[in-house]
Amino acid sequence: MASSPVLATSLPQKQLTTSSSVATAGGSRHPPPEQLAILLDKSDSVDLVKRIHAAILRRNLFLHPYHPVLNLKLHRAYASHGKIRHSLSLFHHTIDPDLFLFTAAINTASTNGLRDQAFLLYLQLLSSGIVPNEFTFSSVLKSCSAQSAKAIHTHVLKLGLGLDPYVATGLVDVYARGGDVVSAQKVFDRMPERSLVSSTAMITCYAKQGNVEAARVLFESMPETERDIVSWNVMIDGYAQHGFPSDALMLFQKLLAKGKPKPDEITAVASLSACSQIGALESGRWIHVFVKKSRISVNVKVCTALIDMYSKCGSLEEAVSVFNDTPRKDIVAWNAMIAGYAMHGYSQDALRLFDEMQGKAGLQPTDITFIATLQTCAHAGLVKEGVRMFESMGQVYGIKPKIEHYGCLVSLLGRAGRLKQAYEIIKKMEIEADSVVWSSLLGSCKLHGDFVLGKEIAEYLIERNITNSGTYVLLSNIYALVSDYEGVAKVRSLMKEKTIVKEPGISTIEIDDRVHEFRAGDRNHLESKEIYTMVRKMSERIKSSGYVPDTNAVLQDLEETEKEQSLEVHSERLAIAYGLISTKPGSPLRIFKNLRVCSDCHTVTKMISKITGRKIVMRDRNRFHHFVDGSCSCGDFW
DNA sequence: GCAGGGAAAC
């Protein structure tokens with residue numbers, strides 16, 4: 001097999017003329033090709049690789065029978081030093097590359113995100129008549145799409161490589177990426193022996209489709225001594241990303257208790273995400289300290305996860321401090337910080353950062369940046385700025401608005417009372433409105449008392465089945481507000497008929513590293529008795545300060561006093577009561593609610609902040625409320 | 001020459 005000289009175009013000219021150092025490094029003036037190969041394997045700098053490359057060219061070694069091996073090593077050496085273009089150009093300048101070089105090139109392309117190129121190389125290999133082997137398949141599978149997976153699977157079977165552990169794992173992985181659990185499962189089940197890696201791929205597959213239980217069963221079936229950090233990470237992240245953040249943290253603690261394998265930066269990112277979701281600030285801080293002292297690389301992704309965690313756990317100051325110390329901030333880090341300011345209601349800072357990001361940092365905003373900035377305009381009631389921002393997306397930045405952006409725009413206009421305009425936008429937009437967008441407008445109708453439009457929309461939605469539990473609740477609220485109890489009853493029976501369950505409101509509070517969870521009226525907490533005593537005490541005190549319960553927020557068909565009682569035990573009130581009895585007087589409380597805080601609880605929390613002199617930070621589904629001395633940072637506009 | 005894991009969001 002002949003090899004061509006590698007063209008020098010991709011290399012600086014200087015490298016081609018100075019090569020004496022290679023001779024020195026090799027110990028003789030002209031080290032034999034075999035020795036150059038050893039040097040390449042051990043090369044610790046690109047410079048050395050380039051010098052060896054130059055020596056090969058200068059000495060016409062491409063004519064040498066050993067050249068294919070040398071060429072392959074050269075390819076790998078460039079790739080291992082991150083010189084992907086060099087290594088691929090080396091391949092492209094080789095005449096009649098053999099299976100080894102093909103496979104290496106496919107692997108280089110695959111592992112460096114050049115998926116199309118990897119696939120093209122595979123096709124080129126087939127058309128040149130070379131028969132791929134198990135190495136080739138495991139390399140090409142990494143970058144192949146779900147559609148081409150079937151075709152490659154067929155090639156694999158034809159060549160009898162279906163049971164090779166590496167190939168099978170690659171197949172599980174590719175099906176997992178395409179969300180095809182059935183095919184992944186089939187390949188996995190046929191493997192003669194499950195390896196650690198194939199099981200991990202299968203766990204990832206289960207987790208990706210939200211089947212956390214199947215993932216857990218497989219994870220637990222793996223021998224404990226075998227589990228490495230990757231398998232722990234996929235399980236922790238699987239929990240964190242699919243609605244089980246507490247389980248994610250418990251698993252993380254279990255890992256720490258075992259002492260090995262050692263957590264890495266990915267473990268940190270997954271666990272921090274879990275903290276963000278449940279507002280576990282103390283746990284998040286602990287992970288921050290842990291990361292710093294355990295030589296885990298504090299890279300931009302870890303920093304971003306920290307910024308997100310601190311923001312979502314209510315400590316914007318710490319988020320800002322991490323952001324300021326983040327090296328080489330990328331767009332994701334900026335987005336996280338802008339979103340942090342936005343959710344805390346600091347619109348001026350969010351918009352300032354938006355400018356700085358483009359000016360000082362020279363980064364282009366993405367569609368996600370606009371979600372945050374539009375949201376901040378909506379929260380602050382900056383209608384003109386928000387509309388201008390929305391228009392600039394397409395006109396200035398060439399970003400096509402998605403449903404999320406329309407959602408922000410509708411909420412921006414709706415909150416500002418421009419209901420008709422918001423309605424027009426929904427009707428005119430080229431994407432079909434989803435239930436989130438409609439709920440937002442419906443919420444605005446309720447806020448501004450436009451019951452005619454509200455009812456019209458709600459009925460339209462129910463007729464077309466574009467609903468979620470929130471739409472029904474809002475519709476019922478709207479009926480209740482105009483005292484149309486027949487309407488309320490109608491909605492209730494509709495919900496029963498369609499078995500639509502109102503998403504339960506859950507509030508959490510973290511006390512001494514532990515997250516305590518409350519649902520409305522629940523008495524599961526160990527200190528339940530004391531909590532309810534405090535709830536009643538607070539009720540009396542706010543009533544004597546003039547509080548009148550807003551019973552319109554109650555959906556059930558109850559007597560007025562029963563409605564009041566049902567408000568009294570809303571999850572946020574239980575969480576606040578627990579916070580009051582289990583922390584020092586004067587210390588701030590941080591409460592997290594999975595839904596939006598209801599207007600009655602908002603009023604009550606304002607009053608409690610005044611009476612107790614406590615700062616109460618409450619995160620709801622949309623944003624943060626900072627209650628201080630009887631008023632809220634949202635300005636009662638949320 | 002080969003396999004599995006991560007951050008921002010209406």
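Quick note on labels: first sequence line is chain A, next is B, and so on, each numbered from 1. Computed from a predicted model, the values in this text were never measured in an experiment.
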**Request:** Please determine, for the side chain of A:S231, which listed nucleotide (B:dA7, B:dG4, B:dA9) has the closest atom?
**Result:** B:dG4
**Message:** Classify A:D330 by what it touches in the nucleic acid, base, sugar-phosphate, or nothing, heavy-atom distance under 4.0 Å.
**Reply:** base
**Request:** Starting at atom CG of A:D367, determine the distance to atom C1' of B:dA9, rounded to an integer number of angstrom.
**Result:** 9 Å
**Request:** Measure from the side chain of A:V332, starting at C-beta and using heavy atoms only, and say which of B:dC2, B:dA8, B:dC10 lies closest.
**Result:** B:dA8
**Sugar-phosphate, base or nothing in reach of A:E265, heavy atoms under 4.0 Å** = base
**Request:** May I ask you to say what A:T369 touches in the nucleic acid, namely base, sugar-phosphate or nothing, with a heavy-atom cut-off under 4.0 Å?
**Result:** nothing
**Prompt:** Considering only side-chain heavy atoms of A:F135, which listed nucleotide, B:dG6, B:dC2, B:dC10, is closest?
**Reply:** B:dC2
**Prompt:** So which nucleotide from B:dA8, B:dA3, B:dC10 ends up closest to the side chain of A:T169?
**Reply:** B:dA3
**Request:** May I have the distance from A:E193 (atom CD) to B:dG4 (atom P), rounded to whole angstrom?
**Result:** 19 Å
**Prompt:** Between B:dC10 atom C1' and A:F390 atom CZ, what is the distance in whole Å?
**Reply:** 12 Å
**Parallel, tilted or perpendicular, as decided by the 30° and 60° cut-offs, for the rings of A:H153 and A:Y175** = tilted
**Item:** A:K142 vs B:dA3: side-chain N/O to OP1/OP2 distance below 4.0 Å
**Value:** yes
**Message:** It should be established whether A:K312 places a side-chain nitrogen or oxygen under 4.0 Å from OP1 or OP2 of nucleotide B:dA9.
**Reply:** yes
**Item:** Given B:dG1, B:dC10, B:dA8, the nucleotide with the shortest approach to the side chain of A:N107
**Value:** B:dG1
**Prompt:** In whole angstroms, how far is the P atom of B:dG6 from the CZ atom of A:R177?
**Reply:** 11 Å
**Request:** Mind checking the CZ-OG spacing from A:R194 to A:S199? Nearest 0.5 Å is all I need.
**Result:** 6.0 Å
**Asked** Do A:S143 and A:S110 have side-chain N/O donor and acceptor atoms under 3.5 Å apart?
**Response** yes
**Message:** Taking the minimum atom-to-atom distance to the side chain of A:F100, which one of B:dG1, B:dA3, B:dC10 wins?
**Reply:** B:dG1
**Message:** Please tell me whether A:Q185 and A:Y206 have a donor and an acceptor in their side chains that are separated by less than 3.5 angstrom.
**Reply:** yes
**Prompt:** A:D228 side chain: which of B:dC2, B:dG4, B:dA8 is closest?
**Reply:** B:dG4
**Asked** How long is the line joining CD1 of A:I152 and C1' of B:dA3, in whole Å?
**Response** 14 Å
**Asked** Aromatic rings A:Y346 and A:H344: how do their planes relate, parallel, tilted or perpendicular, breaks at 30° and 60°?
**Response** tilted
**Request:** Measure distances between side-chain N and O atoms of A:D264 and base N and O atoms of B:dG6, and say whether any donor-acceptor pair falls under 3.5 Å.
**Result:** no
**Message:** Regarding A:S321 and A:N324, do their side chains bring together a donor and an acceptor under 3.5 Å, going by distance alone?
**Reply:** no
**Request:** Using atom CZ of A:R194 as one end and atom P of B:dA3 as the other, report the distance to the nearest whole Å.
**Result:** 22 Å
**Item:** For atom CZ of A:F354 and atom C1' of B:dA8, their distance in whole Å
**Value:** 15 Å
**Prompt:** Which nucleotide in the set B:dG1, B:dC10, B:dA8 lies at the smallest distance from any side-chain heavy atom of A:K73?
**Reply:** B:dG1
**Prompt:** Which of the following nucleotides, B:dA7, B:dC10, B:dA3, is nearest to the side chain of A:V197?
**Reply:** B:dA3
**Complete:** Closest to the side chain of A:L196, out of B:dG4, B:dC10, B:dA7, is B:dG4
**Request:** Starting at atom CE of A:M389, determine the distance to atom P of B:dA9, rounded to an integer number of angstrom.
**Result:** 17 Å
**Sugar-phosphate, base or nothing in reach of A:I403, heavy atoms under 4.0 Å** = base
